[in-house]
Asker: 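Quick one: this structure, given as C-alpha coordinates, is what I'll be asking you about.
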Amino acid sequence: MRYSFDTVGTCTRKIEFDINDNVITNVTFFGGCPGNLAAISKVVEGKTVEEIEELFKDIRCGSKPTSCTAQLAIAVREAFNELKKRTG
(Lines give C-alpha, C1' and ligand atoms only; values in the text may rest on other atoms or scores of the structure.)
Protein backbone atom coordinates (compact mmCIF):
# COMPACT_ATOMS: atom_id res chain seq x y z
CA MET A 1 0.00 0.00 0.00
CA ARG A 2 1.31 3.46 -0.87
CA TYR A 3 0.97 5.87 2.04
CA SER A 4 1.18 9.66 2.15
CA PHE A 5 1.83 11.61 5.36
CA ASP A 6 1.67 15.39 5.76
CA THR A 7 4.41 16.40 8.18
CA VAL A 8 4.15 18.94 11.01
CA GLY A 9 6.93 21.26 12.18
CA THR A 10 9.59 20.38 9.60
CA CYS A 11 10.95 21.68 6.31
CA THR A 12 9.71 18.49 4.68
CA ARG A 13 6.07 18.98 3.73
CA LYS A 14 5.13 15.38 2.98
CA ILE A 15 6.51 11.86 3.11
CA GLU A 16 5.35 9.02 0.87
CA PHE A 17 6.31 5.35 1.08
CA ASP A 18 5.12 1.83 0.46
CA ILE A 19 4.21 -0.45 3.33
CA ASN A 20 3.85 -4.18 2.84
CA ASP A 21 2.99 -6.02 6.06
CA ASN A 22 5.51 -4.37 8.40
CA VAL A 23 8.20 -3.47 5.83
CA ILE A 24 8.81 0.03 4.45
CA THR A 25 10.14 0.71 0.95
CA ASN A 26 10.33 3.51 -1.62
CA VAL A 27 10.46 6.41 0.85
CA THR A 28 10.21 9.87 -0.74
CA PHE A 29 10.46 13.17 1.14
CA PHE A 30 9.00 16.35 -0.36
CA GLY A 31 10.92 19.46 0.70
CA GLY A 32 13.71 19.55 3.23
CA CYS A 33 17.42 18.82 2.73
CA PRO A 34 17.61 16.71 -0.44
CA GLY A 35 20.96 15.02 0.19
CA ASN A 36 20.28 14.08 3.78
CA LEU A 37 16.78 12.87 3.05
CA ALA A 38 17.91 10.81 0.06
CA ALA A 39 20.39 9.12 2.41
CA ILE A 40 17.67 8.50 5.02
CA SER A 41 15.49 6.93 2.32
CA LYS A 42 18.30 4.46 1.53
CA VAL A 43 18.96 3.72 5.20
CA VAL A 44 15.33 2.75 5.90
CA GLU A 45 14.74 0.76 2.70
CA GLY A 46 13.41 -2.67 3.71
CA LYS A 47 13.31 -1.90 7.44
CA THR A 48 10.36 -2.65 9.67
CA VAL A 49 8.16 -0.08 11.38
CA GLU A 50 9.77 -0.95 14.73
CA GLU A 51 13.30 -0.57 13.39
CA ILE A 52 12.50 2.88 11.98
CA GLU A 53 10.83 3.97 15.21
CA GLU A 54 13.81 2.79 17.24
CA LEU A 55 16.23 4.73 15.04
CA PHE A 56 14.37 8.00 14.64
CA LYS A 57 11.38 8.60 16.94
CA ASP A 58 12.96 11.07 19.37
CA ILE A 59 15.31 12.99 17.06
CA ARG A 60 14.93 16.76 17.08
CA CYS A 61 16.11 19.28 14.50
CA GLY A 62 17.80 22.16 16.31
CA SER A 63 15.29 23.84 18.60
CA LYS A 64 12.31 22.24 16.85
CA PRO A 65 10.41 19.63 18.87
CA THR A 66 10.58 17.19 15.93
CA SER A 67 12.60 16.37 12.80
CA CYS A 68 12.05 14.89 9.36
CA THR A 69 13.16 11.50 10.67
CA ALA A 70 10.92 11.74 13.74
CA GLN A 71 8.04 12.54 11.40
CA LEU A 72 8.95 9.44 9.37
CA ALA A 73 8.74 7.33 12.54
CA ILE A 74 5.28 8.75 13.22
CA ALA A 75 4.22 8.20 9.61
CA VAL A 76 5.24 4.55 9.41
CA ARG A 77 3.45 3.75 12.68
CA GLU A 78 0.31 5.53 11.47
CA ALA A 79 0.44 3.65 8.16
CA PHE A 80 0.94 0.32 9.92
CA ASN A 81 -2.01 0.94 12.23
CA GLU A 82 -4.20 1.92 9.28
CA LEU A 83 -3.11 -1.20 7.37
CA LYS A 84 -4.01 -3.39 10.36
CA LYS A 85 -7.49 -1.81 10.52
CA ARG A 86 -8.07 -2.49 6.82
CA THR A 87 -6.91 -6.09 6.93
CA GLY A 88 -8.42 -6.92 10.30
Side-chain angles (χ1 to χ4, degrees):
M1 165 179 95
R2 188 77 177 158
Y3 193 80
S4 181
F5 179 81
D6 293 326
T7 62
V8 175
T10 63
C11 299
T12 297
R13 298 177 311 279
K14 178 171 66 169
I15 306 169
E16 290 184 354
F17 53 88
D18 293 321
I19 181 168
N20 185 10
D21 292 323
N22 192 24
V23 177
I24 305 301
T25 56
N26 303 314
V27 176
T28 305
F29 290 87
F30 296 86
C33 306
N36 290 334
L37 296 173
I40 295 298
S41 295
K42 285 188 176 202
V43 166
V44 301
E45 183 70 20
K47 291 202 180 304
T48 66
V49 169
E50 293 80 14
E51 288 172 320
I52 293 170
E53 285 178 320
E54 185 178 316
L55 287 169
F56 300 129
K57 71 178 178 176
D58 294 323
I59 294 178
R60 296 173 56 152
C61 184
S63 62
K64 296 177 184 178
T66 190
S67 67
C68 296
T69 53
Q71 290 291 294
L72 176 62
I74 293 166
V76 298
R77 174 54 62 187
E78 187 176 285
F80 182 69
N81 290 344
E82 184 175 313
L83 186 62
K84 282 189 349 185
K85 281 184 197 174
R86 288 184 185 184
T87 59

Asker: May I ask you to say whether K47 pairs ionically with E45, meaning some side-chain N is under 4.0 Å from a carboxylate O?
Answerer: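 Not counted as a salt bridge, because no side-chain N and carboxylate O are separated by less than 4.0 Å.
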Asker: Please, which pairs that meet side-chain hydrogen bond (donor to acceptor under 3.5 Å, both in side chains) have at least one residue in residues 73-84, sequence neighbours excluded?
Answerer: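 Every pair satisfying side-chain hydrogen bond (donor to acceptor under 3.5 Å, both in side chains) with a residue in residues 73-84: Y3-E78, E53-R77, E82-R86.
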Asker: Counting C-beta onward and ignoring hydrogens, is there a side-chain heavy-atom pair between F5 and Q71 closer than 4.5 Å?
Answerer: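 Of all side-chain heavy-atom pairs linking Q71 with F5, at least one is under 4.5 Å.
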Asker: Would you say that V49 contacts I19 through its side chain, given a criterion of any heavy-atom pair below 4.5 Å between the two side chains?
Answerer: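 When only atoms from C-beta onward are counted, I19 and V49 do touch, with a gap below 4.5 Å.
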Asker: Under the criterion side chain to side chain contact (heavy atoms under 4.5 Å, CB included), I'd like the reasoning laid out for D6 against R13: C-alpha separation, chi angles, the key distance, then a yes or no.
Answerer: CA-CA 6 Å; D6 293 326; R13 298 177 311 279; over 6 Å; no
Asker: Between N20 and M1, is there a side-chain heavy-atom distance shorter than 4.5 Å?
Answerer: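 They are not in side-chain contact.
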Asker: Heavy atoms, side chains only, cut-off 4.5 Å: are S67 and K57 in contact?
Answerer: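 No, side chains not in contact.
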Asker: Measure the spacing between CG of L72 and CD1 of I59 and express it to the nearest 0.5 Å.
Answerer: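 Taking CG in L72 and CD1 in I59, the distance rounds to 10.0 Å.
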Asker: Donor-acceptor check, side chain of T10 to backbone of T12, threshold 3.5 angstrom: yes or no?
Answerer: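 Yes, T10 side chain to T12 backbone: donor-acceptor pair under 3.5 Å.
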Asker: At what distance, to the nearest 0.5 angstrom, does CG of L55 lie from OG1 of T69?
Answerer: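 Between atom CG of L55 and atom OG1 of T69 there are 9.0 Å.
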Asker: Is it the case that the side chain of T48 and the backbone of E51 share a donor-acceptor pair, with hydrogens and angles ignored and the cut-off at 3.5 Å?
Answerer: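 Looks like yes, one N/O pair under 3.5 Å.
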Asker: Determine all donor-acceptor pairs shorter than 3.5 Å in which one atom belongs to a side chain in residues 25-44; sequence neighbours excluded.
Answerer:
| from | atom 1 | to | atom 2 | distance (Å) |
| --- | --- | --- | --- | --- |
| N26 | ND2 | D18 | OD2 | 2.6 |
| S41 | OG | V27 | O | 3.1 |
| S41 | OG | L37 | O | 3.0 |

Asker: Measuring from atom OG1 of T66 to atom CD1 of I74, what distance do you get when rounded to the nearest 0.5 angstrom?
Answerer: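 If I round to the nearest 0.5 Å, the distance is 5.0 Å.
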